[in-house]
Amino acid sequence: MHEHRLCNEQIRSHSDSTASNQQSFWGFSMSASSSTAATLSWSSSSFFQSFGNTVNESVKLPDKRSVLLVLAQKKAKKTRKIILKEDVAELGKKGQLLDVKAGFYRNYLHPMGKAQIVTPLLLKEMKMEEERIEAEKKRVKEEAQQLALIFETVGAFKVKRKGGKGKQIFGSVTAQDVVDIIKAQLQRDVDKKIVVLPEIRETGEYIAQLKLHPEVTARIRLNVFAN
């Protein structure tokens, strides 16, 4: 009996010890699990907060100036700078530089041969042509000025006509008469279209004009007398 009671006490003591160890083990496990969960919760919160900040920093909406610049570039692509190769009704004159819609140029002006795209090379050629034309205009004007000086310093051109009663002459002095006189006295050909005369039906001295150039007019004296 004594041995049996001792055995039961040993078993009970072992059971209490085992339970205590289990409680201590599970207590540690639960504490560790709770700590791990808290750690994971904090880490997850920090990660998503950091990720959110990164997204906010990297995804930025364009400012107003950028939007306007993009719109302006898109609008510019829809037009073409062209030069007209001939007069186009309600659009412009030959040689005029214009900005037109790309579709209008592509579908009408270009196929009809009425215009071409302006390029740096074309602009250079146009500038050279303009300079050549200006040089030619300057040369023609200078020649007209020299000719006008000759006409105005040569003296009066004598025009002979059959006289009538008093100062009257038969007929009148015409532009062709002036052309013939200039040819006879100066050996120069003049187009009668540039001769401007007053009405001459009497003897006397008159002033005629020669439109040698849009900016140069020569004044010549005509001495009309009767034979």
Side-chain angles (χ1 to χ4, degrees), residues 68-69 71-159 172-200 205-224:
L68 292 176
L69 178 61
L71 291 176
Q73 291 174 342
K74 288 183 178 180
K75 185 177 180 181
K77 292 180 180 179
K78 294 180 181 179
T79 61
R80 294 289 183 270
K81 183 173 287 295
I82 58 98
I83 179 172
L84 294 179
K85 299 170 71 175
E86 60 183 66
D87 294 351
V88 178
E90 299 182 0
L91 185 61
K93 299 292 185 180
K94 179 180 179 180
Q96 188 173 352
L97 296 176
L98 298 170
D99 289 321
V100 299
K101 291 184 178 180
F104 182 54
Y105 171 77
R106 182 176 60 253
N107 299 325
Y108 176 69
L109 294 176
H110 180 60
M112 298 295 291
K114 295 180 178 295
Q116 66 182 96
I117 292 291
V118 175
T119 63
L121 179 59
L122 180 60
L123 288 175
K124 182 178 180 181
E125 292 176 350
M126 289 174 60
K127 184 178 180 181
M128 293 176 61
E129 180 64 13
E130 288 177 358
E131 292 175 351
R132 186 193 67 78
I133 293 175
E134 288 300 319
E136 179 65 14
K137 287 181 178 179
K138 182 179 179 181
R139 184 189 66 79
V140 172
K141 182 178 179 180
E142 289 176 349
E143 288 184 355
Q145 290 173 333
Q146 293 175 0
L147 187 57
L149 183 62
I150 293 173
F151 285 139
E152 292 177 353
T153 57
V154 74
F157 291 91
K158 295 180 179 181
V159 182
S172 64
V173 178
T174 66
Q176 186 61 51
D177 293 329
V178 175
V179 169
D180 294 339
I181 293 169
I182 291 174
K183 176 67 174 178
Q185 296 187 23
L186 299 179
Q187 289 75 49
R188 289 184 178 273
D189 294 318
V190 176
D191 188 347
K192 68 178 182 179
K193 293 180 180 179
I194 71 171
V195 179
V196 180
L197 281 174
E199 185 177 6
I200 303 175
E205 189 169 288
Y206 298 87
I207 300 295
Q209 294 182 341
L210 304 179
K211 300 290 186 179
L212 302 174
H213 184 272
E215 300 178 16
V216 181
T217 299
R219 293 166 58 87
I220 62 174
R221 291 184 298 134
L222 299 177
N223 188 2
V224 181

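Just so it is clear, the structure is predicted and the values come from calculations on it, not from any experiment.
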Requested in this report: Any chance you could measure Leu84, atom CG, to Leu109, atom CG, to the nearest 0.5 Å?
Outcome: 7.0 Å
Query raised in the report: So do Phe151 and Val190 actually touch side chain to side chain, heavy atoms under 4.5 Å?
Result: yes
Requested in this report: Using a strict cut-off of less than 4.0 Å between a Lys/Arg side-chain nitrogen and an Asp/Glu carboxylate oxygen, indicate whether Arg139 and Glu136 qualify as a salt bridge.
Outcome: yes
Query raised in the report: With a 4.5 Å heavy-atom cut-off, do Phe104 and Leu91 have their side chains touching?
Result: yes
**Report entry** Rounded distance (nearest 0.5 Å) linking atom CD of Gln96 with atom CG of Asp87
**Finding:** 9.0 Å
Requested in this report: Measure the CD-CG distance between Glu125 and Leu123 for me, rounded to the nearest 0.5 Å.
Outcome: 9.5 Å
Query raised in the report: How would you list, by chain and number, every residue that makes a salt bridge (charged side-chain N to carboxylate O under 4.0 Å, His left out) with Arg132, sequence neighbours excluded?
Result: Glu129
**Report entry** Among Gln116, His110, Lys114, Lys81, side chain to side chain donor-acceptor pair (under 3.5 Å) partner for Tyr105
**Finding:** His110
Query raised in the report: Can you tell if the side chain of Phe157 reaches within under 4.5 Å of the side chain of Val178, non-hydrogen atoms only?
Result: no
Query - Spacing of Lys192 atom NZ and Ile194 atom CD1 [to the nearest 0.5 Å] - result: 13.0 Å
Determine all donor-acceptor pairs shorter than 3.5 Å in which one atom belongs to a side chain in residues 208-223; sequence neighbours excluded.
| residue | atom | partner | partner atom | Å |
| --- | --- | --- | --- | --- |
| His213 | ND1 | Glu215 | N | 2.9 |
| Glu215 | OE1 | Lys141 | NZ | 2.5 |

Query raised in the report: How many angstroms lie between atom CG of Leu149 and atom CD of Gln146, to the nearest 0.5 angstrom?
Result: 8.5 Å
Query raised in the report: Tell me, do Met126 and Val118 make a side-chain contact under 4.5 Å, heavy atoms counted?
Result: no
Query - Distance in Å, Arg80 CZ paired with Leu98 CG, rounded so as to fall on 0.5 Å steps - result: 15.0 Å
Query raised in the report: If every non-hydrogen atom of Tyr206 is compared with every non-hydrogen atom of Glu199, which pair is closest and at what distance?
Result: CE2-O, 4.2 Å
Requested in this report: Look at the side chain of Asp177 and the backbone N and O of Thr174, then say whether any donor-acceptor pair between them is shorter than 3.5 Å.
Outcome: yes
